Amino acid sequence: MPDQAQGVEVIDVDDLDFLHATFQGFPMFAYMNVKVTPLAKHPNATTDDFFRQL
């Protein structure tokens, strides 16, 4: 959309909790709409861990 800033980032983290904590540290986090799309499933991840919503 022309009136919104958009971007794509690739972030390598060990788990969703760390990723969520990282996003919470962003000054504009309260105003951000974040969509996380895993690029690969870790072989030891369970389905619950992999698809859990933040």
Side-chain angles (χ1 to χ4, degrees):
M1 301 187 98
D3 62 340
Q4 294 183 359
Q6 297 181 18
V8 175
E9 292 188 35
V10 176
I11 302 173
D12 184 16
V13 295
D14 292 329
D15 59 37
L16 288 175
D17 293 327
F18 183 79
L19 179 63
H20 190 249
T22 301
F23 284 142
Q24 284 182 316
F26 294 165
M28 297 297 291
F29 177 75
Y31 308 101
M32 294 169 58
N33 181 13
V34 177
K35 178 180 178 184
V36 176
T37 304
L39 298 179
K41 181 179 178 183
H42 190 278
N44 294 333
T46 65
T47 301
D48 292 340
D49 290 338
F50 191 62
F51 294 105
R52 181 169 57 97
Q53 296 295 315
L54 297 179

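Owing to the predicted nature of the structure, the values given are computational and were not obtained by experimental measurement.
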| Gap separating the CG atom of Leu16 from the OG1 atom of Thr22, nearest 0.5 angstrom |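 Here the rounded value is 11.0 Å.
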| request: Might you confirm whether atom CZ of Phe26 has over 12 heavy atoms from other residues, nucleotides or ligands at distances under 6.0 Å? | output: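 Counting neighbours around CZ of Phe26, more than 12 heavy atoms of other residues, nucleotides or ligands fall under 6.0 Å, so yes.
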| How are the rings of Phe23 and Phe29 set relative to one another: parallel (under 30°), tilted (30 to 60°) or perpendicular (over 60°)? |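 Plane angle under 30°, so parallel.
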